[in-house]
Amino acid sequence: MSNVVLLKSGLELIIQGEIAYFNYFWLRDNCETSWESSTQERTFDILAEADDLSPASVQVTDTFLEVIWCDGKQSRYALAWLKRWHQGENHGDLAVRTRQPWYADHYANMARFSYDEMMDAPNRVADWAEAMLDEGIALIQGMPNSETALQSLCEQFGVVRPSFSGYAFDVFSKAQPENLAYTSKALELHTDLPAEELAPGIQFLHCRTNDAEGGQSLFVDANAVATALQKSHPEYFRILTEYQVPFRYTTLRQDVRAKQRIIELDPINGEVSGINFSQHLADIFDFPQRDMDLFYPAFRKFGQMLQDPSYLMTFRLNAGECIVFDNHRIAHGRASYLEGSGARHLRGCYVDRGELRSAYRVLRAQHPVAADTIAWPQADEPGMAEVG
Ligand code: OGA
Ligand code: ZN
């Protein structure tokens, strides 16, 4: 018996004893010659193919499925490559990693890198990106006290992502503050800018000066907290993953509004992927009043758990340090500081999380660590080749 069965819209193939089905359009669309070789963008036009696209003949060798299409074009697909797509392994993704929860005592173990090594050691940038994916936070030390250092650091991952505060923002106490951050008051635990349609991903806070008394930095792994909530209060967890909560930021020139879920889930594996939390930017909740009976207990419990000392990492951010953290995973805040006790100036900006993952895929593939198996190093290389 042939180990390929041709059906109306696709074929069945036996790969290592298992029946695998492949649609004809998908096969034709993903022939190696579909991609322009220098850009690796698809130039093949599946829309122009016949509605009844099908093979004239197929042949399976030890390692390849070879297809001759009705128009005479030929394609060849490595069986190992087909198996990956059949089993959902696809390209393989180095950036899909297991998040490592951390707790109040994390400061001593927090990943630390120097600004100088970030500027010329791409393998160390890969390590930094890995810490960001796994732990969601890292400290960069030895930052020059310059206008450009922060941007140079961000550019190791990607392009600075503007927000409604501009390309970068300066946090210091001002006479006419537009928001609470620009005072010496405490900032409750929060994630930044949930009032934006897509709240910023990776946040950088470069401490330029810190001579003030007080103003300790507060950080919490909100993923760890949300996962604990899921175990202890599954109903509260469900509510916080479902309700669309309004946030709002207003100045004389701005009225920015968006709805967010307090707890976000990773569509790939259903794990907690982040949170949106800010009492100072939460708008007036607009659910039906009876739903408030359900929502407030869940919201309050989660907020109280975030503040639990067992999760809360507290430290002083010193001049010359830049704390970099995943703004969707890590809740942050600061204690109040004594006005007039000394200058305090942080410069901040954001880079999207997608840029971090992209940089990590490229840098880690170029600088693998010994223990790493790169999932499919040759994923898109010789797997498919058009014959003839
Ligand atoms: C902010 C903020 C932290 C700090 O500006 O949103 O969280 O330590 N600042 O001032
Ligand atoms: Zn903030």
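In each ligand, atom 1 is the first atom listed, and ligand 1 is the first ligand listed. Remember, it's a predicted structure, so these values are computed and weren't measured experimentally.
- Listed by number with element, the atoms of ligand 1 under 4.0 Å from a non-hydrogen atom of V171 are 5 (O), 10 (O).
- Using a 3.5 Å distance cut-off with no hydrogens or angles, the side chains of S184 and E339 do pair a donor with an acceptor.
- If you check each of E188, Q203, R334 against atom 10 (O) of ligand 1, the one with the closest non-hydrogen atom is R334.
- Polar contact check, S217 against ligand 1: no nitrogen or oxygen pair lies under 3.5 Å apart.
- Aromatic rings of W85 and H91 (six-membered ring for Trp) have centroids within the 6.0 Å cut-off, being under it.
- Contact of the R42 side chain with the D29 side chain is registered, since non-hydrogen atoms from C-beta on lie closer than 4.5 Å.
- In summary, the aromatic rings of W128 and F157 are positioned with their centroids under 6.0 Å apart.
- With hydrogens left out, the protein atom closest to atom 6 (O) of ligand 1 is D192 OD1, 3.1 Å, a heavy atom.
- At least one cation-pi condition fails for R316 and Y337: the charged atom is not both under 6.0 angstrom from the six-membered ring centre and inside a 45 degree cone around its axis.
- Short contacts between ligand 1 and L346, defined as distances under 4.0 Å to a heavy atom of the residue, involve ligand atoms 4 (C), 8 (O), 10 (O).
- No part of L317 comes within 4.0 Å of ligand 1, judged by heavy-atom distances.
- Computed with the Zn ion (ligand 2) at the centre, the H332 NE2 to H190 NE2 angle is 90°, stated to 10 degrees.
- Restricting D192 to its N, O or S atoms, the one at the least distance from the Zn ion (ligand 2) is OD1.
- Two residues are said to be in side-chain contact when any heavy atoms from C-beta on lie closer than 4.5 Å; M110 and I137 meet this criterion.
- Inspection of the S310 and D308 side chains reveals an N or O donor paired with an N or O acceptor under 3.5 Å.
- Shortest contact from atom 8 (O) of ligand 1 to any protein heavy atom: R344 NH2, 2.7 Å.
- Ring pair F299/F285: centre-to-centre distance below 6.0 Å.
- Heavy-atom contacts of L187 reach the following atoms of ligand 1: 1 (C), 2 (C), 7 (O), 9 (N) (cutoff under 4.0 Å).
- Summary of contacts: the protein heavy atom closest to atom 5 (O) of ligand 1 is A181 CB, 3.2 Å.
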